[in-house]
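Notes to accompany the following structure.
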Protein chains: 2
Amino acid sequence: MGATKTDLFTKQQNDIANMAKALAHPARIAILQHLVKINACIGGDLVEELGLAQATISQHLKELKAVGLIQGTVEGTSICYCINPKTWMQYRNLFDKFFDSSVSEGSCC
Amino acid sequence: MGATKTDLFTKQQNDIANMAKALAHPARIAILQHLVKINACIGGDLVEELGLAQATISQHLKELKAVGLIQGTVEGTSICYCINPKTWMQYRNLFDKFFDSSVSEGSCC
DNA sequence: TCGTATAATTGCAATATTGCGATATATAAG
DNA sequence: CTTATATATCGCAATATTGCAATTATACGA
């Protein structure tokens with residue numbers, strides 16, 4: 001009791017939920033927006049950009065990397081992070097499809 | 001230490017994160033999909049539809065209502081739930097805008 | 001090799017979420 | 001008023017997330 005019962009739901013439902021979970025933190029939203037904005041790859045400028053400790057930023061980067069939203073390549077002593085366009089589009093499509101489920105205008109309540 | 005530092009981020013970033021958090025559970029995705037599918041309003045059929053206890057379903061419905069994604073009106077002894085089209089569109093637009101941040105094809109990494 | 005700079009990992013404390021049994025509340029029927 | 005049905009709330013236990021200091025890798029230059 002306390003853990004999500006993923007086995008009760010379809011793969012698609014768990015997928016959407018997991019993607020949403022990856023976006024369910026303002027720091028991760030901020031990181032993604034920053035990466036989209038400055039197209040160039042940056043390393044730990046994020047630590048200064050956001051006001052969080054290096055360990056915390058690293059944690060969030062790890063989670064974003066785990067779901068494939070970003071990728072990082074070693075660039076000397078620092079690391080070059082950027083959006084993974086492929087996964088980005090997958091996310092976009094999944095949410096599009098989810099929200100496209102046409103909601104009838106005539107609300108019944 | 002342990003609570004999200006919302007004050008470090010913009011309102012928009014917190015908004016997106018909160019919306020994502022509302023979608024960050026397969027049970028809530030399943031509830032929304034079910035409500036979209038059967039346009040009519042249903043009550044606690046959800047308890048049978050998903051395999052969760054009544055108290056748990058009620059909890060999830062409460063969260064969805066809290067963010068405005070669904071609305072419920074009393075219908076005799078049961079309650080009629082349905083999508084709130086207005087908020088639904090707002091969510092859709094926010095995510096659209098977020099993902100529309102054009103990701104340059106030429107990945108730099 | 002040694003020191004420096006950057007990022008990842010570890011270990012911990014605080015807080016949040018999930019799930020459910022038990023109980024409370026509300027409405028309709030009798 | 002009492003009963004039955006449907007939903008909400010409370011209180012608890014289990015698990016997950018967030019944040020950070022301290023430590024540990026890793027890569028580069030002197």
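Proteins come first, then strands; the chains are lettered A, B, ... in the order of their sequence lines, and each starts at number 1. Values reported hereafter were calculated over all heavy atoms of this structure, with side chains retained and with hydrogens, waters and symmetry mates removed.
Of the side-chain N and O atoms in A:Y81, none sit less than 4.0 angstrom from OP1 or OP2 of C:dT6. Note on B:K65: a side-chain N or O is less than 4.0 Å away from OP1 or OP2 of D:dA8.
Taking NE2 from A:H25 and CD from A:Q59, the interatomic distance works out to 10.5 Å, rounded to the nearest 0.5 Å. Atoms NE2 and CG, on A:H60 and A:L46 in that order, are 11.0 Å from each other to the nearest 0.5 Å. The CD1 atom of B:I38 lies 10.5 Å from the SG atom of B:C82; values are rounded to the nearest 0.5 Å. Rounded to the nearest 0.5 angstrom, A:N93 CG and A:D100 CG are separated by 10.5 Å.
Spacing between atom CD1 of A:I79 and atom C1' of C:dT6 amounts to 8 Å, rounded to whole angstrom units. The nearest whole Å value for the distance from the CG atom in A:L46 to the C1' atom in D:dG19 is 16 Å. C:dT9 atom P lies 11 Å from atom CG of A:L61, rounded to whole Å. Spacing between atom NE2 of B:H60 and atom P of D:dT9 amounts to 15 Å, rounded to whole angstrom units. With rounding to whole Å, A:N18 atom CG is found 14 Å from D:dT17 atom C1'. What separates CD of B:Q59 from P of C:dT18 is a distance of 8 Å, to the nearest Å. Regarding B:L64, its CG atom lies at a distance of 16 Å from the C1' atom of D:dT7, rounded to whole Å. Rounded to whole Å, atom P of C:dT17 lies 9 Å from atom CZ of B:R28.
In this structure, the helix from C:dT1-D:dA30 to C:dG30-D:dC1 shows an angle of 10° between the axis at its start and the axis at its end, each fitted on 5 base pairs and rounded to 10°.
Within the 4.5 Å cutoff, the side chain of A:L23 has no heavy atoms near those of the B:L23 side chain. A 4.5 Å side-chain heavy-atom check between B:D96 and A:D96 finds at least one atom pair inside the cut-off.
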Next item on the list: Summarise how protein sits on nucleotides 21-30 of chain D as a single string, 5' to 3': B when a protein heavy atom is under 4.0 Å from the base, S for sugar-phosphate-only contact, - for no contact.
Entry: BB----SS--
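Using a 4.0 Å heavy-atom criterion, one finds that A:I57 contacts no nucleic acid atom at all. As judged by a 4.0 angstrom heavy-atom cut-off over every strand, B:T4 is placed among residues touching the sugar-phosphate backbone only.
When each of A:S58 and A:K5 is assigned the nucleotide of DNA chain C with its nearest heavy atom, A:S58 is the one assigned upstream, toward the 5' end.
Not one N or O on the side chain of B:R28 forms a donor-acceptor pair closer than 3.5 Å with the backbone of B:L64.
Between A:F95 and A:Y91, the ring planes lie tilted relative to each other; the angle falls in the 30° to 60° range.
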Just distance, no hydrogens or angles: give the donor-acceptor pairs under 3.5 Å from side chains in residues 5-20 of chain A, sequence neighbours left out.
residue, atom, partner, partner atom, Å
A:T10, OG1, A:Q13, N, 3.1
A:T10, OG1, A:Q13, OE1, 3.3
A:K11, NZ, A:D15, OD1, 3.4
A:K11, NZ, A:D15, OD2, 2.9
A:Q12, OE1, B:Q33, NE2, 3.2
A:Q13, OE1, A:T10, N, 3.0
A:Q13, NE2, B:Q33, OE1, 2.9
A:N14, ND2, A:T6, O, 3.0
A:N14, ND2, A:T10, O, 3.2
A:N18, ND2, A:N14, O, 3.2

